[in-house]
A.B. asks: 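I'd like to ask you about the structure that follows.
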Amino acid sequence: MKIAVVGTGYVGLVTGTCLAETGNQVTCVDINEQKVKMMQEGKLPIYEPGLELLFHRNIDQKRLLFTNNLASAIADAQIIFLALPTPPGGDGSADLSYVLGAAKDIAKLVTDYKVIVTKSTVPVGTADKVTAVIKANTNIECAVVSNPEFLREGVAVEDFMKPDRVVVGTLDERARKLMAELYAPYVRQGNPVIFMDERSSELTKYAANSFLATKISFMNEVANLCELVGADVDMVRRGIGADNRIGNRFLFSGIGYGGSCFPKDVQALAKSAEENKYDFKILNSVMEVNEIQKKVLVQKLKKYYNNDLKGKNFAMWGLAFKPETDDIREAPALYIIDELLKEGATISVFDPEGMNNVKAIIGDKITYGTNPYEVLDGADALLIVTEWSLFRTPDFDQVSSLLKNKVIFDGRNLYDLQKMVDLGYYYNSIGRKIIS
């Protein structure tokens, strides 16, 4: 099948590459000439485990192409995916200008029936808006389909190749058949392709992410209560996670959620509810809790240092919003760094993938290390912000020899409490007792 993917951001590039992997002829189009040239030369603009192998293989076998020319990309395509940004506007609603602008450009170029698929996360009613734009700019029949992505950064290739489910919103029978044919290789083990109307499909994506964000904020609230009553949130998590009505995923407490999806999707769903005169109380609380939780380590530091962080030097392990990605969008690390700099502290950071992205934003306001231990030298305390695997079993003898004081503030609960007792650390984590 011939496919065009408009937009080569995280979703577009993973989508295009994985579609090519099952034998489709995929052309990815982007307006950024430098980025397109980079990909044509076989260089990946993002970090995602498992993507590089598929990327190079499909370029080498000429199933995956890149261009700036929209007309050539869509000329023979049967299905056109729109994988474009929908950033939050000033009022929290999703900005659809990129999606609607691309739809208009495509409509002016089509010469035969196309299935135009919104892969971007969009508010309910977007398919209707895209349809209206297309009808206003062409008499050629096209079907507009909603096909939200459910990719987790760090395991996105596996999620695409072996999805839990595929959600497709369309009432067009011709489009339905094409989408069923396209996704058949990915659901051979029996996972469902769920067809529904476009509006239900659009809401499904927002509802899924908002529910997961709610679980995270709920457990962070439980963790904060655990600290007050002397309970252990890890024990609570195991106790409730064993209940199959609840499940054990997204129950880990920490320093809040970040990334490109949860923050903007929760905000957009709340805004959509507001526009329809519905007060979505839970979502408003989820956002409020998350904003507080992102800075909880700073509050713990202030308490420990008697509200005087000026002149203190902190080592920070982790910048990305989660491990196995270089994505720093809405990362708690950025909020923590901002607060600590305001307090007059200095910060040395290490992250396996996220440092270049942070440096592009913050510059030289902080120091960047070449390995985890380098940033510890002379630091007053270690802050753990992202749960990368290499931080889980460090050489504690080396850590102790480099830190000025044996003090760790752990925003991801990486270490066993008894081990911290045995090693003689002051250890302050989330929702567990303080070791001192």
Side-chain angles (χ1 to χ4, degrees), residues 1-87 97-112 114-121 130 142 145 147 149 151 153-154 156-161 178-179 182-183 185-186 260 325-327 329 353 356-357 360:
M1 198 176 291
K2 293 184 177 180
I3 310 292
V5 178
V6 182
T8 60
Y10 182 85
V11 172
L13 191 52
V14 172
T15 297
T17 303
C18 290
L19 287 173
E21 179 66 11
T22 54
N24 298 296
Q25 182 68 39
V26 180
T27 302
C28 296
V29 58
D30 200 290
I31 60 172
N32 187 326
E33 293 182 9
Q34 184 178 355
K35 188 178 183 182
V36 168
K37 186 175 186 294
M38 177 183 178
M39 292 184 290
Q40 288 172 338
E41 294 172 351
K43 300 173 185 175
L44 267 175
I46 62 171
Y47 172 77
E48 178 61 37
L51 183 61
E52 188 171 8
L53 174 64
L54 273 59
F55 179 76
H56 287 137
R57 178 160 64 210
N58 286 283
I59 289 175
D60 292 344
Q61 297 179 6
K62 303 190 187 311
R63 289 194 301 264
L64 183 60
L65 305 173
F66 301 95
T67 183
N68 295 118
N69 192 311
L70 180 63
S72 66
I74 71 169
D76 297 323
Q78 297 159 275
I79 302 175
I80 303 169
F81 283 90
L82 303 182
L84 295 158
T86 54
S97 58
Y98 297 102
V99 172
L100 298 180
K104 183 178 180 180
D105 293 340
I106 290 167
K108 292 179 177 180
L109 295 169
V110 296
T111 57
D112 58 356
K114 306 287 186 187
V115 175
I116 300 172
V117 182
T118 53
K119 199 70 178 166
S120 308
T121 301
V130 173
C142 294
V145 172
N147 174 219
E149 54 85 14
L151 305 178
E153 293 191 44
V157 171
E158 182 180 351
D159 283 349
F160 197 102
M161 300 302 291
L178 278 172
M179 295 299 288
L182 179 67
Y183 279 114
Y186 304 93
S260 62
T325 182
D326 61 353
D327 195 342
R329 286 174 287 185
E353 297 295 337
N356 287 340
N357 290 339

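What you see below is based on every heavy atom in this structure, not just the backbone, and it leaves out hydrogens, waters and symmetry mates.
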A.B. asks: Show me, pair by pair, the donor-acceptor contacts under 3.5 angstrom made by side chains of residues 70-83, not counting sequence neighbours?
C.D. replies:
| unit_1 | atom_1 | unit_2 | atom_2 | d |
| --- | --- | --- | --- | --- |
| Ser72 | OG | Asn69 | O | 3.0 |
| Gln78 | OE1 | Lys2 | N | 3.0 |

A.B. asks: Looking at every heavy atom in both Leu64 and Thr17, which two are closest together, and how far apart are they?
C.D. replies: CD2-OG1, 3.7 Å
A.B. asks: Hey, is Lys37 close enough to Glu41 for a salt bridge, meaning N to O under 4.0 Å?
C.D. replies: yes
A.B. asks: Grab the two heavy atoms, one from Leu151 and one from Ala156, that are nearest each other, plus how far apart they are.
C.D. replies: CD2-O, 3.6 Å
A.B. asks: For a quick test of reading the model, state the closest non-hydrogen atom pair linking Glu353 to Thr325 and the distance between them.
C.D. replies: CB-O, 3.9 Å
A.B. asks: Please examine the side chains of Leu19 and Met1, heavy atoms only from C-beta on, and report whether any two atoms are closer than 4.5 Å.
C.D. replies: no
A.B. asks: Answer whether the closest heavy-atom distance between the side chains of Pro45 and Thr8 falls below 4.5 Å.
C.D. replies: no
A.B. asks: Restricting to ring pair (Phe, Tyr, Trp, His ring centres under 6.0 Å), what partner residues turn up for Tyr10, sequence neighbours left out?
C.D. replies: none
A.B. asks: Does Thr86 have any side chain to side chain donor-acceptor pair (under 3.5 Å) partners at least two apart in sequence or in another chain, and if so, which?
C.D. replies: Lys264
A.B. asks: I need the minimum non-hydrogen distance between Met38 and Leu44, along with the two atoms involved.
C.D. replies: CE-O, 3.3 Å
A.B. asks: Quick check: closest heavy atoms across Val11 and Lys119, and the distance to 0.1 Å?
C.D. replies: CG1-CG, 3.8 Å
A.B. asks: Side-chain contact test, heavy atoms from C-beta onward, threshold under 4.5 Å: evaluate it for Asn357 versus Arg329 and give yes or no.
C.D. replies: no
A.B. asks: Scan Val29, Val117, Val26, Leu13 and name whichever one has a side-chain contact (heavy atoms from CB on, under 4.5 Å) with Val5.
C.D. replies: Val26
A.B. asks: Can you measure from OH (Tyr186) to CG (Asp159) and round to the nearest 0.5 angstrom?
C.D. replies: 13.5 Å
A.B. asks: For the side chain of Asn68 and the backbone of Asp30, is there at least one donor-acceptor N/O pair under 3.5 Å apart?
C.D. replies: yes
A.B. asks: Tell me which pairs pass salt bridge (Lys or Arg N to Asp or Glu O under 4.0 Å) where either residue lies in residues 44-68, with sequence neighbours left out.
C.D. replies: Glu21-Arg57
A.B. asks: Strictly by side-chain hydrogen bond (donor to acceptor under 3.5 Å, both in side chains), give each pair with a member in residues 97-109 just once, sequence neighbours left out.
C.D. replies: Asp95-Ser97
A.B. asks: Does any pair with a residue in residues 22-61 pass ring-ring contact (aromatic ring centres under 6.0 Å, His included), and if so which ones, sequence neighbours excluded?
C.D. replies: Phe55-Phe66
A.B. asks: Does Ser120 use its side chain to pair, donor to acceptor, with the backbone of Leu84 at less than 3.5 Å?
C.D. replies: yes
